[in-house]
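These numbers come from the heavy atoms of this one structure, side chains and all, not from hydrogens, waters or symmetry mates.
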Amino acid sequence: MSVNIQIREIITPQDLDYLAANLREADKAEMKAFNGMDPREGLEYCIEGDKETWIATVEGVPCCIFGLTEILVEDDDSKSGVIWAMGTDLLFKYKGHLNRISKKIINNWLEKYDVLFNYIWEHNEVHRQWLKRMGFIIMPETYIQSDMGEKFDMFIKFAPIDIEE
């Protein structure tokens, strides 16, 4: 089955309106658990300060928004990226296609960053399963407590180490 999936950097107010109105229940619940924000406000919070923000569309309809914020540590040559993603139920319908694209994007980021990480709500099984498929490690012993008092476990993936002989 051929499907037109596009990834673009331009995010319009209409994109945010559509995504906010159609976010998956798991995404809305995680946003509420993190900072209590409504979907539109939460999406604006997510893209604030991002080095990269992208939107995926299926047949021209927004299905996912994702981004990366760069973390540079003074006196350290390593670069880290804090990543995030939220989407609509279209992600379920085109899961195979979008998972392949996701792996390419993650691998591309790992060419530029030594580590990618963020925190996942302990009750968000949808995201946990996707992160595992993408090769991330979920570390329940390394967590933060959200503004709403909820536990968020760290997830992390390291860039491959190139050892020259």
Side-chain angles (χ1 to χ4, degrees), residues 5 7-9 11 15-16 19-20 23-37 39-56 62-88 91-92 95-163:
I5 297 175
I7 308 293
R8 61 179 163 82
E9 200 167 10
I11 310 295
D15 292 333
L16 293 179
L19 288 162
L23 278 182
R24 295 177 297 180
E25 289 305 316
D27 290 302
K28 288 190 275 190
E30 183 163 352
M31 198 178 294
K32 277 282 187 213
F34 184 70
N35 56 20
M37 291 182 180
R40 175 58 192 250
E41 185 181 27
L43 288 172
E44 289 173 357
Y45 173 82
C46 287
I47 64 176
E48 186 179 305
D50 266 1
K51 180 173 175 90
E52 297 183 32
T53 306
W54 300 87
I55 189 164
C63 73
C64 177
I65 186 169
F66 57 96
L68 177 141
T69 301
E70 186 174 86
I71 306 289
L72 299 174
V73 179
E74 198 171 316
D75 298 328
D76 187 351
D77 290 337
S78 67
K79 287 172 51 175
S80 299
V82 177
I83 64 168
W84 62 275
M86 293 187 198
T88 71
L91 289 172
F92 297 125
K95 180 170 54 174
H97 296 286
L98 292 164
N99 281 345
R100 285 189 292 280
I101 292 168
S102 296
K103 285 181 183 179
K104 288 178 184 177
I105 291 166
I106 290 165
N107 288 335
N108 184 0
W109 281 340
L110 286 171
E111 290 178 9
K112 299 183 265 186
Y113 295 91
D114 301 298
V115 63
L116 301 175
F117 74 97
N118 204 334
Y119 294 85
I120 181 81
W121 185 35
E122 68 178 334
H123 300 295
N124 192 335
E125 283 306 313
V126 170
H127 286 169
R128 286 173 176 275
Q129 292 306 314
W130 181 82
L131 288 165
K132 288 176 184 175
R133 275 195 301 280
M134 295 299 116
F136 285 87
I137 299 166
I138 298 175
M139 305 171 59
E141 68 283 354
T142 306
Y143 64 91
I144 60 171
Q145 190 168 354
S146 74
D147 295 343
M148 308 307 290
E150 297 286 336
K151 181 183 174 197
F152 280 68
D153 299 324
M154 179 183 240
F155 65 86
I156 193 164
K157 186 170 185 174
F158 296 95
I161 297 173
D162 186 19
I163 300 175

The reported gap from CD1 in I11 to CG in L43 (rounded to nearest 0.5 angstrom) is 9.5 Å

Under a 3.5 Å threshold, yes or no: a donor from one side chain and an acceptor from the other, between R24 and H127? yes

Would you say D114's side chain and S80's backbone share a donor-acceptor pair under 3.5 angstrom? no

When rounded to the nearest 0.5 angstrom, what distance separates CG in L91 from CG in N99? 9.0 Å

Can M134 and K103 be said to form a side chain to side chain contact (heavy atoms under 4.5 Å, CB included), step by step? CA-CA 6 Å; M134 295 299 116; K103 285 181 183 179; 3.5 Å; yes

Is there a side-chain contact between D153 and M139 (heavy atoms, below 4.5 Å)? no

Using side chain to side chain donor-acceptor pair (under 3.5 Å) as the criterion, list what pairs up with T142, not counting sequence neighbours. none

How far apart are the closest heavy atoms of I138 and K132, and which atoms are they? CD1-CE, 4.1 Å

Among N118, D50, T53, find the one that has a side-chain hydrogen bond (donor to acceptor under 3.5 Å, both in side chains) with W84. D50

Atom of S146, atom of A33 and distance for their closest heavy-atom approach: OG-O, 2.6 Å

What heavy-atom pair brings A56 and I7 nearest, and what distance separates the two atoms? CB-CD1, 3.5 Å

Are any non-hydrogen side-chain atoms of I65 and D15 less than 4.5 angstrom apart? no

Polar side chain donor-acceptor pair, W109 to E111, under 3.5 angstrom: no

Taking atom CD1 of I5 and atom CG of L98, what is their separation to the nearest 0.5 Å? 4.0 Å

With rounding to the nearest 0.5 angstrom, report the CZ to CH2 distance, R128 to W121. 10.5 Å

Can you name the residues that form a ring-ring contact (aromatic ring centres under 6.0 Å, His included) with Y119, not counting sequence neighbours? none

Residue pair Y143 / M154, side-chain heavy-atom distance below 4.5 Å: no

Residue pair E48 / E44, side-chain heavy-atom distance below 4.5 Å: no

Would you call V126 and E30 a side-chain contact if the rule is heavy atoms closer than 4.5 Å? no

Where do F66 and I105 land on the side chain to side chain contact (heavy atoms under 4.5 Å, CB included) test, with the steps shown first? CA-CA 10 Å; F66 57 96; I105 291 166; 3.5 Å; yes

At their closest point, which heavy atom of C46 faces which heavy atom of M86, and how far apart are they? SG-CE, 3.5 Å

Please report the interatomic distance CD1(I47) to CD1(I55), rounded to the nearest 0.5 Å. 9.5 Å

Over all heavy atoms of both residues, which pair between C63 and L19 is shortest? Give the atoms and the distance, please. C-CD2, 4.0 Å

Indicate yes or no: at least one non-hydrogen side-chain atom of K112 is less than 4.5 angstrom from one of E52. yes

Note, I156 side chain near L116 side chain (heavy atom, < 4.5 Å): no

At what distance, to the nearest 0.5 angstrom, does CZ of F117 lie from NZ of K157? 16.0 Å

Under a 3.5 Å distance rule, please check whether N108 uses its side chain to pair with a backbone N or O of K104 as donor and acceptor. no

For K28 and L23, run side chain to side chain contact (heavy atoms under 4.5 Å, CB included): C-alpha distance rounded to whole Å, both residues' side-chain angles, the deciding distance at 0.1 Å, then the answer. CA-CA 6 Å; K28 288 190 275 190; L23 278 182; 3.8 Å; yes

What I want to check is whether the side chains of Y113 and E70 have a donor and an acceptor closer together than 3.5 Å. yes

List for me each residue that meets ring-ring contact (aromatic ring centres under 6.0 Å, His included) alongside F136, sequence neighbours excluded, and say none if there are none. F155

Contact between P140 and E122 at the side-chain level, heavy atoms closer than 4.5 Å - yes or no? no

If you take all heavy atoms of A20 and P39, which pair is closest and at what distance? O-CB, 3.4 Å

In this structure, are over 12 heavy atoms from other groups packed under 6.0 Å from K79 atom NZ? yes

